[in-house]
Amino acid sequence: MPNVRIWDLPTRVFHWCFAACIVGAYVSAKLGGLYMDWHVRFGLTALGLVIFRVIWGFIGPRHARFGGFVKGPGQIWAYLRDMAAGTAKSAGHNPLGALSVMAMLVDVGVQAVLGLFSSDDIMVQGPLYNTVSESTADFLTSLHRANQWIILALVILHLLAVAWHTLVRKEPLVRAMIAGDKPVDHLPAGTPPSADGAGVRLRALALAVGVAAFVLWIRSLGS
């Protein structure tokens with residue numbers, strides 16, 4: 001079966017690095033102690049990844065752009081009707097998946113920003129902890145701790161959705177996010193491929209370097 005390139009390499013690298021950061025931040029926070037230094041590192045990396053993905057959502061290839069998959073209520077309802085009829089197909093994120101993507105980006109981004117001002121009340125603080133009053137930092141820390149449950153709920157919903165699409169609808173979502181391609185019979189007719197050449201990857205690399213420099217600068221404020 002012929003394949004069509006849907007996910008460019010930068011988008012795929014972002015996806016798996018983002019997943020690793022969420023898992024790493026959660027596990028390191030639960031381990032506590034000296035692992036909290038790693039929690040900060042994972043949080044800062046997640047912040048950089050969110051910034052990268054938001055910008056890439058405007059300058060990346062067609063299926064990575066928000067305009068290509070973020071839909072209005074009418075199109076979401078039409079997709080639900082098609083899904084009930086068994087005829088729904090989408091190239092990149094489907095309209096429901098787009099809601100999940102946006103919710104995850106927003107909530108993890110909020111969590112990462114809250115972490116900049118938070119403290120574990122022992123020895124580890126976010127790089128911007130000293131820029132606010134102690135009472136404000138305590139409040140932001142409480143929000144940071146509470147928000148983990150929203151992220152956990154979003155992750156569980158995402159995994160359940162992927163499992164349903166993979167096992168019930170037989171869509172190779174995980175394989176596509178690894179290899180970048182989808183079989184043509186899982187796509188709407190005439191779906192054009194995403195650009196994924198050297199120009200795209202160099203543009204992503206330049207963006208990643210700029211975002212990394214910005215995050216490192218934020219990190220330096222806590223030194």
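Side-chain atoms are counted along with the backbone in the values below, which use heavy atoms only and exclude waters and symmetry mates. Counting begins at 1 with the first residue of the sequence.
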V215 and T45: side chain to side chain contact (heavy atoms under 4.5 Å, CB included), yes or no, with the steps? CA-CA 8 Å; V215 172; T45 304; over 6 Å; no
So, do [X] and [Y] sit near enough that their side-chain heavy atoms are less than 4.5 Å apart?
{"X": "L96", "Y": "L80", "value": "yes"}
{"X": "R201", "Y": "D196", "value": "yes"}
{"X": "I76", "Y": "L99", "value": "yes"}
{"X": "V110", "Y": "L143", "value": "no"}
{"X": "Y35", "Y": "K30", "value": "no"}
{"X": "F117", "Y": "T136", "value": "no"}
{"X": "V40", "Y": "Q125", "value": "no"}
{"X": "D8", "Y": "H63", "value": "no"}

If you compare all heavy atoms of [X] against all heavy atoms of [Y], which two are closest, and at what distance to 0.1 Å?
{"X": "I22", "Y": "M104", "value": "CD1-SD, 4.3 Å"}
{"X": "R65", "Y": "I59", "value": "NH2-O, 3.7 Å"}
{"X": "K182", "Y": "A176", "value": "CG-CB, 3.7 Å"}
{"X": "A91", "Y": "P188", "value": "N-CD, 3.8 Å"}
{"X": "K89", "Y": "D185", "value": "NZ-O, 3.0 Å"}

Treating [X] as the side-chain partner and [Y] as the backbone partner, does any N or O pair qualify as donor plus acceptor under 3.5 Å?
{"X": "K71", "Y": "N94", "value": "no"}
{"X": "R5", "Y": "S194", "value": "no"}
{"X": "D138", "Y": "T141", "value": "no"}
{"X": "S220", "Y": "W217", "value": "yes"}
{"X": "R12", "Y": "I178", "value": "yes"}
{"X": "H39", "Y": "Y26", "value": "no"}

All side-chain contact (heavy atoms from CB on, under 4.5 Å) counterparts of P127, not counting sequence neighbours: L44, L116, I218
Those residues at least two apart in sequence (or on a different chain) that pass side-chain contact (heavy atoms from CB on, under 4.5 Å) with A137 are Y129, V132
Just verifying a value: how many Å separate [X] [atom1] and [Y] [atom2], rounded to the nearest 0.5 Å?
{"X": "H144", "Y": "S142", "atom1": "NE2", "atom2": "OG", "value": "11.0 Å"}
{"X": "L114", "Y": "L140", "atom1": "CG", "atom2": "CG", "value": "6.0 Å"}
{"X": "Q111", "Y": "S118", "atom1": "CD", "atom2": "OG", "value": "7.5 Å"}
{"X": "L207", "Y": "L202", "atom1": "CG", "atom2": "CG", "value": "12.5 Å"}

Sequence neighbours excluded - ring pair (Phe, Tyr, Trp, His ring centres under 6.0 Å) pairs with any residue from residues 157-203: none
Ring pair (Phe, Tyr, Trp, His ring centres under 6.0 Å): pairs with one or both residues in residues 76-114, sequence neighbours excluded: W7-H93, F69-H93
Anything under 3.5 Å between a donor and an acceptor, one on a side chain of residues 46-55, the other on a protein residue two or more places apart or in another chain? List them.
from, atom 1, to, atom 2, distance (Å)
R53, NH1, A64, O, 3.0
R53, NH2, A64, O, 2.9

Side-chain heavy atoms under 4.5 angstrom apart, residues restricted to Ile, Leu, Val, Met, Phe, Trp, Tyr: same cluster for [X] and [Y]?
{"X": "V162", "Y": "M102", "result": "no"}
{"X": "M83", "Y": "L173", "result": "no"}
{"X": "F214", "Y": "F58", "result": "yes"}
{"X": "I150", "Y": "V23", "result": "no"}
{"X": "W149", "Y": "L159", "result": "no"}

Taking salt bridge (Lys or Arg N to Asp or Glu O under 4.0 Å) as the cut-off, I'd like each qualifying pair that reaches into residues 165-175, sequence neighbours left out, listed once. R169-E171
Quick one, L9 with V200, criterion side chain to side chain contact (heavy atoms under 4.5 Å, CB included). Give me CA distance, side-chain angles, the key distance, then yes/no. CA-CA 9 Å; L9 181 62; V200 169; over 6 Å; no
Answer yes or no: are there more than 12 heavy-atom neighbours, outside [X] itself, under 6.0 Å from its atom [atom1]?
{"X": "L34", "atom1": "CG", "result": "no"}
{"X": "R203", "atom1": "CZ", "result": "yes"}
{"X": "F66", "atom1": "CZ", "result": "yes"}

